[in-house]
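Report on the structure given below.
Count residues from 1 along the sequence.
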Amino acid sequence: MDRSIFYNAHHSPVGAFASFTLGYKGPKGGLGLELTGPADENVYIGLEEREGGRFRALPFYGGAEVAAEDYDVEGLSDMRFANALAPFADDQITRQLGAGIDEWKAGDLTFRIISPPREVPDPDHHDVRDAVAPAVIVELTVDNREGERERRCFFGYGGSDRYTGMRLLDEPGLTGVGQGTTFAIASTDEGLYAGIGWQPEAILTPRLKENLPFMLGSVGLVVGTVAPGETRTFRFAVAFFREGTATTGIRARYLYRRWFDRIEQVLQHALEQADATVKIAAQFDASLRSRLSDDRAFMAAHAIRSYFGATQLLEREDGRPLWVVHEGEYRMMNTFDLTVDQAFFELALNPWTVRNELDLFVEKYAYEDQVRFPGSSELHPGGIAFTHDMGVANAFSAAGQSAYEQAGLCGCFSYMSSEELTNWILTAGLYVAHTGDLAWAEGQREIFLACLQSLENRDHPDVALRNGVMGLDGARCQGGSEITTYDSLDASLGQARNNVYLAVKGWSAYLFLQDVLNRLGEPDAAARARRQAERAAATIVAAKDENGLLPAVIGEGVDARIIPAIEALVYPFVAGLPADFPELRATLQAHFEAVLQPGICRFADGGWRLSSTSRNSWLSKIYLCQYVAERIMGYAPDAEADRAHLAWLLDPENAYYAWSDQMLEGKAVGSRYYPRGVTSILWTASGDRPLEEIRSLLVSQPAGVA
């Protein structure tokens, strides 16, 4: 397919909750820290035309900057410059996006942003400054071999921070511009100068060089020259920095503050490590493309970028590291629905982050509740559950509370107690299965036992009447009903109680409990978990109709059909747990094959429709189900669907928000600027040890890089 090249993408250091976002035409990118979306700044990247005096730039500017007229209302000064800057025509520009390198070419200009995936070893045992330095690398290359005069090139932006102004860096050895102590662009290359002005021309063609440090201006550029007959590359670092306490509720600062006291130190360090960074990025991109089709390599690269843009690595006041992934445009912190699906990526890259998330859910975001049948006020024993999230926008919520969940509701914003309970079990089970960390599991023995009891209680208070499926709502709902992660869908996926998606997820959770409790020497509890898994499987199989189709909600008259009935098969498969439920698997496979048809669970463009009764789909969940269909059920990759899903992301109405998850018939309506698309990393694993395969991709080092 012919792909639009004008879509925003994240370019982010690991754990800095920051992004140099670029790609959507106009002032729609820029340098952002802790934002809900792009910074919406002018970004200036260009070079002088061969004839001299005029300049061409990539089309990422166009909004009005602060101008002389805002001060000189009668036009008495001579501060204005004639417009000498024009964008390259669209057909002159090409782009190739990888997860490590985003490369633009236009005429004699090449512009590359380098921000590869990076492993972060456990900071309690390793010096991770190279991994978490909050900067990305940029290279600006000008090919002037056919030129007859020297040509200027430039890189910079119009700062939008409301609290600080633009400045020139005064650090020895650095040439650059920045805004306050938070953002900066700089290079250590020779032959560059920096300036600030009201418009780019004031810096590119200054009347007097003494006027370059004009701090009232909002535009900062770094400018270089390339001699005729030569090609030259200038290398920059784009850095982000938060000096003090970054969060409330749990007071923490960014972990990079262990090693860096000022943004200038970040810039220096990033540039010193730039050769290694570029090599890592190039090798990763080559490896990713070698494993996937073009469409899938693009979607995976785009999603990986958005994931890292949402990551935040903090340090508590007592020195303990704290890992947070913010929920895209919503900025909710460690939303558990995302944590469980991002665990495949995180376990392969840095398993300690998964343990860190699980520990904080136990430490602060676990609670005890009771349960009730729908329409009844009688309370029954419940047990441990976990919150939907840990807070929002750098504000950790109170103990046992989320930013999201509200009482008395039957749809969006209600409680997700049962699903979050399964999410802790699944994430913890994946961690133990992958790492073999029995010492950690031993420390959580009572939590695993409590999770089993709570999951059983949410089935039925009478042991003899249990069927392995959640049938009661948490008391916190106060007359409302629990929902699932598919919160903005109808009952086909939104209702938790008796939902077939959550029933299979519960079955999977019981299998993990059986596995971990056996490892911990708890045979009786493991046997209880096994029995519940068998009950769940029997209930699901018995729910199929004469055509082999499963209802979206068992026994409640909701006959919609859903693809995610198969979703939770992924967890035990990736963990290598025994696949000894052949009738359940056959039932789910027959259901999937029947629903993946036009008019049921397929859109007109070939894209996957998660529910037959909703136009709303989540790409991250589609990616998961594609992996299940291909690796567990043996279907060939659905190239038609891949083309449709890629077209959704590149639709001009969606492209501003980078990788987005929630699509209403192909239009991004929520979950934008989102991290959960890293479920796509599973596509790269074709063998029986998926996480080891993924790790070999994510942490492979090019020759000569330590």
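The existence of a salt bridge linking Arg355 and Asp122 is confirmed by a sub-4.0 Å separation between a basic side-chain nitrogen and an acidic carboxylate oxygen. A salt bridge does not link Arg643 to Asp294: none of the charged side-chain nitrogens sits closer than 4.0 Å to a carboxylate oxygen. Look at Asp295 and Arg3 and you find a salt bridge, because one of the NZ, NE, NH1 or NH2 atoms lies within 4.0 Å of a carboxylate O, short of that distance. One finds no salt bridge joining Arg257 and Glu315 here, because no Lys/Arg side-chain nitrogen approaches an Asp/Glu carboxylate oxygen to under 4.0 Å.
Trp648 pairs by the ring pair (Phe, Tyr, Trp, His ring centres under 6.0 Å) definition with Phe603, His645, not counting sequence neighbours. Residues passing the side-chain contact (heavy atoms from CB on, under 4.5 Å) test with Ala575 are Leu430, Ala433, Phe512, Leu577, sequence neighbours excluded. Evaluation of the side-chain contact (heavy atoms from CB on, under 4.5 Å) rule for Leu35 yields Ala39 as partners, not counting sequence neighbours. In terms of the ring pair (Phe, Tyr, Trp, His ring centres under 6.0 Å) criterion, His434 has no residue partners (sequence neighbours excluded). For Arg262, the side-chain contact (heavy atoms from CB on, under 4.5 Å) partners are Glu171, Glu264, Gln265, not counting sequence neighbours. Scanning for side-chain hydrogen bond (donor to acceptor under 3.5 Å, both in side chains) contacts around Ser160 gives Glu41, with sequence neighbours left out. Taking Phe240 as the reference, nothing meets the ring pair (Phe, Tyr, Trp, His ring centres under 6.0 Å) condition, with sequence neighbours excluded. With sequence neighbours excluded, the residues satisfying side-chain hydrogen bond (donor to acceptor under 3.5 Å, both in side chains) with Thr21 are Ser19, Tyr673. Considering only residues two or more places apart in sequence or on other chains, Arg232 meets the side-chain contact (heavy atoms from CB on, under 4.5 Å) condition with Asp189, Glu190, Val226, Phe234.
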### Message
For Phe6 and Tyr24: C-alpha separation, side-chain torsions, deciding distance, then whether ring pair (Phe, Tyr, Trp, His ring centres under 6.0 Å) applies.
### Response
CA-CA 5 Å; Phe6 297 112; Tyr24 196 82; 8.8 Å; no
### Message
One pair to check against salt bridge (charged side-chain N to carboxylate O under 4.0 Å, His left out): Asp102 and Arg112. What are the steps and the verdict?
### Response
CA-CA 6 Å; Asp102 192 4; Arg112 304 203 305 167; over 6 Å; no
### Task
Verify side chain to side chain contact (heavy atoms under 4.5 Å, CB included) between Leu698 and Phe345, making sure each step is shown before the conclusion.
CA-CA 9 Å; Leu698 290 172; Phe345 188 87; 3.8 Å; yes
### Message
Working note: Leu109 + Ile45, criterion side chain to side chain contact (heavy atoms under 4.5 Å, CB included); need CA distance, chi angles, decisive distance, verdict.
### Response
CA-CA 9 Å; Leu109 173 75; Ile45 304 154; 4.3 Å; yes
### Task
Determine, stepwise, if the pair Phe241 / Leu33 fulfils side chain to side chain contact (heavy atoms under 4.5 Å, CB included).
CA-CA 8 Å; Phe241 200 73; Leu33 180 67; over 6 Å; no
### Task
Decide yes or no on side chain to side chain contact (heavy atoms under 4.5 Å, CB included) for Gln268 and Leu174, but give the supporting numbers first.
CA-CA 8 Å; Gln268 289 277 15; Leu174 288 177; 3.6 Å; yes
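Rounded to the nearest 0.5 Å, atoms NE2 (His126) and CG (Asn350) are 11.0 Å apart. Tyr627 contributes atom OH, which lies 13.0 Å from atom CH2 of Trp683 (distance to the nearest 0.5 angstrom). Separating the OG atom in Ser671 from the CG atom in Asp487 is a distance of 7.5 Å, to the nearest 0.5 Å. Between the CD atom in Gln626 and the OG1 atom in Thr679 there is a gap of 9.0 Å [rounded to 0.5 Å]. We find the OG1-CG distance between Thr110 and Leu140 to be 8.5 Å, quoted to the nearest 0.5 Å. To the nearest 0.5 angstrom, Ser293 atom OG is 12.0 Å from Phe298 atom CZ.
Across every non-hydrogen atom of Ile304 and Val678, the tightest pair is CA-CG1, 3.9 Å. When all heavy atoms of Ile101 and Asp285 are compared, the pair lying nearest together is N-OD2, 2.9 Å. Residues Ser617 and Trp608 come closest through the heavy atom pair OG-O, 3.1 Å. Here the shortest heavy-atom pairing between Val325 and Glu357 reads CG2-OE2, 4.2 Å. Considering all non-hydrogen atoms of both residues, Ala300 and Leu292 come closest at CB-CD1, 4.2 Å. Across all their heavy atoms, Gly62 and Pro27 have their closest contact at N-CD, 4.1 Å.
No side-chain donor-acceptor contact under 3.5 Å links Asn8 and Tyr657. For the residue pair Asn654/Ser660, the side-chain donor-acceptor check at 3.5 Å is not satisfied. No side-chain donor from either of Arg242 and Tyr254 sits under 3.5 Å from a side-chain acceptor of the other. Remark: the Asp389 side chain and the Thr335 side chain contain no N/O donor-acceptor pair separated by less than 3.5 Å. Using a 3.5 Å distance cut-off with no hydrogens or angles, the side chains of Asn334 and His326 do not pair a donor with an acceptor. Judged purely by distance below 3.5 Å, without hydrogens or angles, the side chains of Asp661 and Tyr623 never pair a donor atom with an acceptor atom.
The only option from Thr427, Leu624, Asn423 that meets the side chain to side chain contact (heavy atoms under 4.5 Å, CB included) definition with Asp341 turns out to be Leu624. A side chain to side chain contact (heavy atoms under 4.5 Å, CB included) with Leu255 is found for exactly one of Val120, Val128, Leu314, namely Val128.
Judged by distance alone, the side chain of Ser620 and the main-chain N or O of Gly677 form no donor-acceptor pair under 3.5 Å. Side-chain atoms of Arg56 come within 3.5 Å of backbone atoms of Pro87 as a donor-acceptor pair (strictly under, hydrogens ignored).
Using bins of under 30°, 30° to 60° and over 60° for the plane-to-plane angle, the ring pair Tyr674/Trp659 lands in the parallel bin.
For the pair Arg95 and Tyr7, the distance from NZ or CZ to the six-membered ring centre is under 6.0 Å and the angle to the ring normal is within 45 degrees.
Using a 4.5 Å heavy-atom cutoff, the side chains of Glu640 and Asp605 are not in contact. Looking at heavy atoms from C-beta onward, Trp323 lies out of side-chain contact with Gln312 at the 4.5 angstrom threshold.
For residues 323-333, the set of pairs meeting the salt bridge (Lys or Arg N to Asp or Glu O under 4.0 Å) definition, not counting sequence neighbours, comprises Glu329-Arg672. Applying the ring-ring contact (aromatic ring centres under 6.0 Å, His included) test to pairs two or more places apart or on separate chains, those with a residue in residues 89-119 are Phe60-Trp104, Phe111-Phe155. Residue pairs meeting the salt bridge (Lys or Arg N to Asp or Glu O under 4.0 Å) criterion with at least one partner in residues 624-638, sequence neighbours excluded, are Arg296-Glu630, Arg602-Asp638, Arg631-Asp688.
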